[in-house]
**Q** 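Got a structure for you, questions after.
Counting convention: from 1, in listed order, for ligands and their atoms alike.
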Amino acid sequence: MVFPEYRPRRLRKNEAFRSMIRETQISPANLIYPLFIVPGKGVREEVSSMPGVFRISVDQLGREAKECLALGVNNVILFGIPEQKDAVGSGAHAKGGIVQRAIKELKNKAPEMLVTTDVCLCEYTSHGHCGILHGQEVDNDSTLEVLAKTALSHAEAGADMVAPSDMMDGRVAEIRAALDENNFHDIPIMSYAVKYCSAFYGPFREAAESAPSFGDRRSYQMDPANAREAMREATLDVDEGADILMVKPAVAYLDIISRLREEFDLPVAAYHVSGEYAMIKAAGLRGWIDEERVMAETLLSIRRAGADIILTYFAKDMARYLRK
Ligand code: PBG
């Protein structure tokens, strides 16, 4: 059928038609809100490169969770900034560690909140790398044990799901085994399966104090040029027992989200990362773009590409927008 028999504008005439044929929806239930937890009491400090995002202390979590729940956002992912760092990141699996305390506080104050934890060492190591160093290199196999211990300590503290973001080889299998051996068969793993070595993480590293003190993460995070390798990474994580596959960042990697959606039947998540958030905020604050509409259009593009779940600093803003 061609013009003039077919006129696509017929179904764009008014909002009733448009909403009737709308292909993609976003609900607050699809969104995961990242939280940065810092030591101290009564702390609520804005991250300078992420306007609207706050680093908060454990005692502020009840209030934060209630605000999220009131908006329909019932998913958070926790990042901890510890009091002290050391070479082997022992704060990551400490019993009274910052994330472990945060999980307990959340489960106490807002039991309906689904609590996922980021499992990585970069916030806990003095050198800022995501694993244990042998010389100047991040050693894969000795890091696995520490990651598994960390994931297990999160489960013991009451986490609902763990999300390894370190990009070591074999970590999903190691974490699955540690959880299963300790009767946490029912705790899913959302794997950062396809995580690129990206400049879009800049603002996060300010918020989490996790920039590497030397070198970069190219020897463990993926080369942005590679798409076929993404399929191999995802296949490995599926075989090792991942329950959800994540792509990170999101907008510069919509092709990867779409390929994962086509080739795998597990739920796909995408992390709309700190730099992606910061760019929209910065232009919005200057009045150069309509921030709300760009936010909604961006998150929609990630869903349209095939992501079921979006981790985003816009979760609360988007939930508010959807109410209007
Ligand atoms: C930890 C981790 C990072 C992010 C999530 N988990 C930083 C990094 O890999 O350097 C980035 C998230 C963001 O930029 O919003 N490894």
Side-chain angles (χ1 to χ4, degrees), residues 31-37 47-55 76-82 85 89 91-92 98-99 116-125 127-133 138 140 143-144 146-147 150-151 154 161-169 171-172 175 189-224 233 244 246-253 269-282 295 298-299 302 307 309-315 317:
L31 307 176
I32 303 182
Y33 188 53
L35 292 176
F36 297 104
I37 323 297
V47 180
S48 66
S49 53
M50 301 175 76
V53 172
F54 294 81
R55 309 192 328 158
V76 292
I77 180 164
L78 304 183
F79 295 93
I81 295 93
K85 305 182 188 237
I98 185 93
V99 164
T116 298
T117 57
D118 184 84
V119 176
C120 196
L121 303 184
C122 58
E123 296 103 312
Y124 302 90
T125 51
H127 44 75
H129 278 288
C130 301
I132 307 298
L133 293 184
V138 174
N140 194 85
T143 301
L144 295 182
V146 188
L147 291 168
T150 302
H154 294 171
M161 177 157 77
V162 293
S165 71
D166 51 283
M167 287 303 277
M168 297 302 122
D169 296 332
R171 89 275 207 204
V172 172
I175 290 172
I189 299 175
M190 175 166 69
S191 162
Y192 287 69
V194 183
K195 178 173 177 180
Y196 287 95
C197 187
S198 172
F200 287 103
Y201 308 150
F204 173 96
R205 292 179 189 169
E206 179 204 331
E209 300 170 17
S210 64
S213 62
F214 66 90
D216 53 45
R217 305 210 199 287
R218 279 178 233 230
S219 76
Y220 41 104
Q221 298 181 347
M222 279 181 60
D223 184 335
E233 277 284 2
I244 299 175
M246 195 201 298
V247 175
K248 177 184 175 197
V251 177
Y253 300 88
Y271 202 140
H272 184 245
V273 301
S274 56
E276 301 181 89
Y277 172 86
M279 290 194 304
I280 296 177
K281 275 281 166 189
M295 162 191 76
T298 300
L299 298 181
I302 300 168
I309 303 158
I310 307 173
L311 295 89
T312 175
Y313 304 97
F314 277 125
D317 290 348

**Q** For ligand 1, is Ser210 a contact, meaning one of its heavy atoms is under 4.0 Å away?
**A**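 No; Ser210 lies far enough from ligand 1 that no heavy-atom distance drops under 4.0 Å.
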**Q** Tell me whether Ser274 contacts the main-chain N or O of Phe200 through its side chain, where contact means a donor paired with an acceptor under 3.5 Å.
**A**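 Present.
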**Q** Residues two or more places apart in sequence or in another chain: which of them pass ring-ring contact (aromatic ring centres under 6.0 Å, His included) with Tyr33?
**A**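 Residues passing ring-ring contact (aromatic ring centres under 6.0 Å, His included) with Tyr33: none at all.
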**Q** Distance-only, no hydrogens or angles: does the Thr143 side chain make a donor-acceptor pair with backbone N or O of Ile132 under 3.5 Å?
**A**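 Indeed, once roles are kept as given, a pair shorter than 3.5 Å links the two residues.
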**Q** Could you list which atoms of ligand 1 come closer than 4.0 Å to a heavy atom of Cys122?
**A**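 Within the 4.0 Å cut-off of Cys122, ligand 1 contributes 1 (C), 16 (N).
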**Q** Parallel, tilted or perpendicular for Tyr271 and Phe79, by the 30°/60° rule?
**A**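 If you compare the ring of Tyr271 with that of Phe79, the planes turn out tilted.
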**Q** Restricting to side-chain hydrogen bond (donor to acceptor under 3.5 Å, both in side chains), what partner residues turn up for His129, sequence neighbours left out?
**A**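 Tyr220.
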**Q** State if Met167 counts as touching ligand 1 under the rule of any non-hydrogen atom under 4.0 Å.
**A**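 Not so, Met167 does not reach ligand 1.
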**Q** Please classify the Tyr277 to ligand 1 contact at 4.0 Å (heavy-atom distances, strictly less than): side chain, backbone, both or neither.
**A**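 Neither; no heavy atom under 4.0 Å.
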**Q** If you have a sec, work out which protein heavy atom is nearest atom 15 (O) of ligand 1 and how many Å separate them, to one decimal?
**A**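 Going by distance alone, atom 15 (O) of ligand 1 is nearest to Tyr313 OH, 2.6 Å.
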**Q** Go through ligand 1 atom by atom and flag the ones less than 4.0 Å from a non-hydrogen atom of Phe79.
**A**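 Close to Phe79: 5 (C), 6 (N).
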**Q** With no hydrogens and no angle check, is any side-chain donor or acceptor of Arg171 less than 3.5 Å from a backbone partner on Leu147?
**A**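 No: the side chain of Arg171 does not pair with the backbone of Leu147.
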**Q** Can you figure out which of Ala163, Ser274, Ser165 has its heavy atom closest to atom 1 (C) of ligand 1?
**A**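 Closest candidate by heavy-atom distance is Ser165.
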**Q** Say whether, by atom type as modelled, one donor and one acceptor occur between the side chain of Glu276 and the main chain of Val251 under 3.5 angstrom.
**A**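 Looks like yes, one N/O pair under 3.5 Å.
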**Q** Near Tyr271, which atoms of ligand 1 are under 4.0 Å from a heavy atom of that residue?
**A**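 By the 4.0 Å cutoff, the relevant atoms are 12 (C), 15 (O).
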**Q** Heavy-atom distances under 4.0 Å are what count here, so tell me which part of Asp166 touches ligand 1: side chain, backbone, both or neither.
**A**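 Answer for Asp166: neither.
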**Q** Please list the nearest protein heavy atom to atom 12 (C) of ligand 1 with its residue and the distance rounded to 0.1 Å.
**A**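 Result for atom 12 (C) of ligand 1: Phe204 CD1, 3.4 Å.
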**Q** Counting both backbone and side chain atoms, is some N or O of Lys195 under 3.5 Å from an N or O of ligand 1?
**A**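 Indeed, backbone or side chain, Lys195 has an N or O that close.
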**Q** Has the side chain of Lys85 got a donor or acceptor atom that lies under 3.5 Å from a matching backbone atom of Glu123?
**A**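 Judged by distance alone, yes, a pair lies under 3.5 Å.
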**Q** Just to be sure I'm reading this right: ignoring hydrogens, which of Lys248, Arg217, Met246 gets closest to atom 11 (C) of ligand 1? Compare them by their nearest heavy atoms.
**A**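 The option holding the nearest heavy atom is Lys248.
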**Q** Counting from 1, what ligand 1 atoms have a heavy atom of Arg205 closer than 4.0 Å?
**A**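 So the atoms of ligand 1 that pass are 8 (C), 10 (O).
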**Q** Without swapping roles, check the side chain of Arg55 against the backbone of Ala207 for a donor-acceptor pair under 3.5 Å.
**A**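 Such a contact is found between Arg55 side chain and Ala207 backbone.
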